[in-house]
Amino acid sequence: MERQFRIYRYNPEVSPTPSFKTYTVDVQPAWTVLDALNAIKWDQDGSLTFRRSCRHGICGSCGMKINGKNGLACEIQVESLKGVITVEPLHGFRILRDLVTDMDGFFAHIEAVKPWLIAGTPPTDGERLQSPEDRKQLDGLYECILCGACTSACPSYWVNDDFLGPAALLKAARYVMDTRDEGFAERVDVLDSRNGLWRCHTIFNCVEACPKSLNPTEAIVKLRQKLTALKI
Amino acid sequence: MEHHRHDVVVVGAGIAGLYAAMKAGESADVGVLSKVYPTRSHSGAAQGGSAAALGNEGEDSWEYHLYDTVRGGDFLGDQDAQELLVKEAIPVTYEMEHLGLPFSRTPEGKIAQRPFGGHFSKFGKGPVKRSCYVADRSGHAQLHLLYEQSLKQGVRFYNEFLVTSLIIEGGVCRGLVALEIRTGNLHAFWARAVMLATGGYARAWRVTSNSHANTGDGLPLVAKAGVPLEDMEFVQFHPTGLYPHGILVSEAARGEGGYLFNGEGVRFMEKYAASKMELAPRDVVSRAEQTEIDEGRGIDGGEYLNLDLTHLGADAILERLPQIHELVVKFAAVDCTKKPIPIQPTAHYSMGGIPTDLDTRVLLDGKKQVVEGLYASGECACVSNHGANRLGTNSTMEAAVFGRRGGIAMAKFVRGAGPILPGDERDTAAAEEEIEALRSRTGRESAKVIRAELQASMTENVGIFRTAEKLQKQVKFMQTLKERFKEVGVSDGSRAFNTELTELIELGGMLDFSEIISVSALARQESRGAHSRKDYPKRDDVQWLRHTLAFREADGSIRLDYKPVVINRFQPEERKY
């Protein structure tokens, strides 16, 4: 079935001005947006540039804006989209070329929250024990694939990209909520900073944007409660 | 050209590369190059867990794990390496827990374990729960953990760098040249120790569980330096690739109790492995599936079968297999709590690769002589842990155990070695010329067409069942494809993010190692593990209980040599499940 894809094109080596270019693709059954992008690149226009790897929603490479909504190109079925399909890079990040954005700042924010377990000496002869209930606290936190869909959807991030953003704060929660972790105090400086937890205005765009159905806003609220309790 | 120096340079940021980087980073200055951002590597797609005989959920021992690994590999694995794998799996699992891996837990709070194909207790006699898991996102959780720990160690990451050449002189690896994808510039990296952890090569098949990135990039680099590739004919087809995409539906689905049905509604595994049924090793189950499909007993006579989980109940599925549930809904529009999942065998894992010793040092002759300063671990390497067929959950564990061993070995080596010897433009000129020549190509052949023909022909001729006739056809066809590859042009004239160029580099490598796979497979006149010859249906321990070593000669031809298997504990016996 023929479908039209209107794709954001930008290549500073060729022109300083971005534009949209429309391609017609003979879409096969069960094709995802990524399949269509590959078909365009391989059959029509070798210069079309995007990131992709796992093609089943676990590596986080192909976050982009599809018909106005952030998601992963590899897991959105073309059939589920109406009309001409508009594909743009994730907003809020510097665009390097076409659908490829600069994710260095995004990853630097992840690093800033100290995303590692901060804990005392572990037992010498086996694992630390953690009850299934305590482990359950991490469900909804550890599954993040760092695709950037949430941070890119966040108005607070658009106006200030020093804001850690929902993905980094979700990552902080993944460690803070881990009953094995004792490092909350070490993370307070960054979480309580002007670019930390309080920059979130609970707009919930991140929740809507997450292709893994995670809830960064809820994680941010929990971290705030913990921070407030510490201060009192 | 920009030049960089590190004590240790690791190529690839999957579990093996990052474990090595993290460990070496404790005392050495480490740089990691990855052609994707970290956490995008294909280790993240591993689902079901990593094997370690913790015995948290019933009796287990490393001896049982060793026996299963030896037998699962159809006795081609080197038993000294396998012993290290199963013994060190236990402390490595605890180390990952101590680092913070969010393992699923038993009611007492220990690391939870689940059954997996080919793993048993009491030397093949009883069931066992050996896979230590994080729901069905085990690889994802490990990959993120090791990336984060590497950050903590101060490892320097070079994201989106594709290695194009190794600099090896006089049996010493001094560094490498890599393309910075973002700018299109080449960079030289000078190091005392270089580790290749570049992953597997199942992208050379049409139906594959592998990511677009799994193009086996490290293999042609070492082959070019005169290092042989070991046991390349052994490629695993996973029994449960989602139909028709081929993406992975974890073996955990069968570990948790899933059944396989053919088009006649029969649990067909009773014909092929009456005792272990769906939990027989992957080569056995994939052959059974392919036989059912070939004999017309696929679902509606088609190219797929059913994996049924419905009897497990929705609660168990959503608790233990949440990602599978999500994947199957998204990619097959099937709710697996209510309906069976359409599946087919899918090219999945490369048992063969770069020959190394137990400290992951690359072997120049494939046997004893090391390339000083060059290491390899994970799926790109062949130490050999998996022999002719890998057991599920042994791959992520191999990546962790041998990545770790490599990291420790490199740190030790660089402490005793002299200073880094940086080279100059004379050392990198050839690498630069090669890439510039590729960039300015103007031929009329299509990379897409050549890639598709490679994948289709490898599936047809070097698939689950092989014959001399098919393999000869493939060896010949590889020459045609390689000739046509020379005529592929690059239409994208830009330097920055020229993914047409990177795809071309990857394709050239795939053609190189696919020919080596085909030649190695043609020579091996027996059936062992994943290498199944219809014209030689039996295992032949007299002639073929030995590893293949395939050398790419200076004139472009391939020379085969062989080396004995290390057998120090379990003698070959009939393999029956």
Pairing of [X] and [Y] as salt bridge, 4.0 angstrom limit:
X: B:R105; Y: B:E97; answer: yes
X: A:K212; Y: A:E75; answer: yes
X: A:D161; Y: A:R94; answer: no
X: B:K330; Y: B:E326; answer: yes
X: B:E503; Y: B:R451; answer: yes
X: B:R495; Y: A:E13; answer: no
X: B:E500; Y: B:R439; answer: no

Pairs touching residues 10-30 of chain A that satisfy ring pair (Phe, Tyr, Trp, His ring centres under 6.0 Å), sequence neighbours left out:
A:Y8-A:F20

Side chain, backbone, both or neither: which part of [X] has a heavy atom under 4.5 Å from chain B?
X: A:E143; value: both
X: A:K41; value: side chain
X: A:D181; value: neither
X: A:R55; value: both
X: A:L146; value: both
X: A:R135; value: side chain
X: A:I110; value: neither
X: A:E111; value: both

Can you name the residues of residues 28-37 of chain A that have some heavy atom under 4.5 Å away from a heavy atom in chain B?
A:A30, A:T32, A:L34

With a 4.5 angstrom heavy-atom cut-off, could you sort out which part of [X] is near chain A: side chain, backbone, both or neither?
X: B:H144; result: side chain
X: B:S491; result: side chain
X: B:T106; result: backbone
X: B:L327; result: side chain
X: B:F331; result: both
X: B:Y147; result: side chain
X: B:H140; result: side chain
X: B:V449; result: neither
X: B:N214; result: neither

Closest heavy-atom pair, A:A172 versus A:L191, reported as atoms and distance to 0.1 Å, is CB-CD2, 3.9 Å

State whether the number of non-hydrogen atoms from other residues, nucleotides or ligands found under 6.0 Å of A:Q77 atom CD is greater than 12.
yes

Could you have a look at [options] and say which one has the most heavy-atom pairs with chain A under 4.5 angstrom?
options: B:G109, B:A112, B:S41; value: B:G109
options: B:L101, B:L143, B:N56, B:V490; value: B:L101
options: B:L242, B:N210, B:N498, B:L145; value: B:N210
options: B:I90, B:V134, B:V36, B:I181; value: B:V134
options: B:E160, B:H42, B:E95, B:R182; value: B:R182
options: B:A213, B:S209, B:A496, B:P107; value: B:A496

Does the structure place the NZ or CZ of A:R97 under 6.0 Å from the centre of the six-membered ring of B:F497, at an angle of no more than 45° from the ring's axis?
no

Between [options], which shows the greatest number of heavy-atom pairs under 4.5 Å with chain B?
options: A:D102, A:D139, A:N11, A:I76; value: A:D102
options: A:S213, A:P115, A:S131, A:S47; value: A:P115
options: A:V14, A:V100, A:D104; value: A:D104
options: A:S53, A:P123, A:G46; value: A:S53

Where does the angle between the aromatic ring planes of B:Y158 and B:F161 fall among parallel (under 30°), tilted (30 to 60°) and perpendicular (over 60°)?
perpendicular

List the steps, then state whether side chain to side chain contact (heavy atoms under 4.5 Å, CB included) holds for B:R137 with A:Y142.
CA-CA 9 Å; B:R137 299 189 181 91; A:Y142 82 91; 3.5 Å; yes

Could you work out, with side chain to side chain contact (heavy atoms under 4.5 Å, CB included) as the rule, every residue matching B:D217, not counting sequence neighbours?
B:K35, B:L162, B:T215, B:E506

Holding to side chain to side chain donor-acceptor pair (under 3.5 Å), I want the full list of residues that pass it with B:E445, two or more places apart in sequence or in another chain.
B:R484

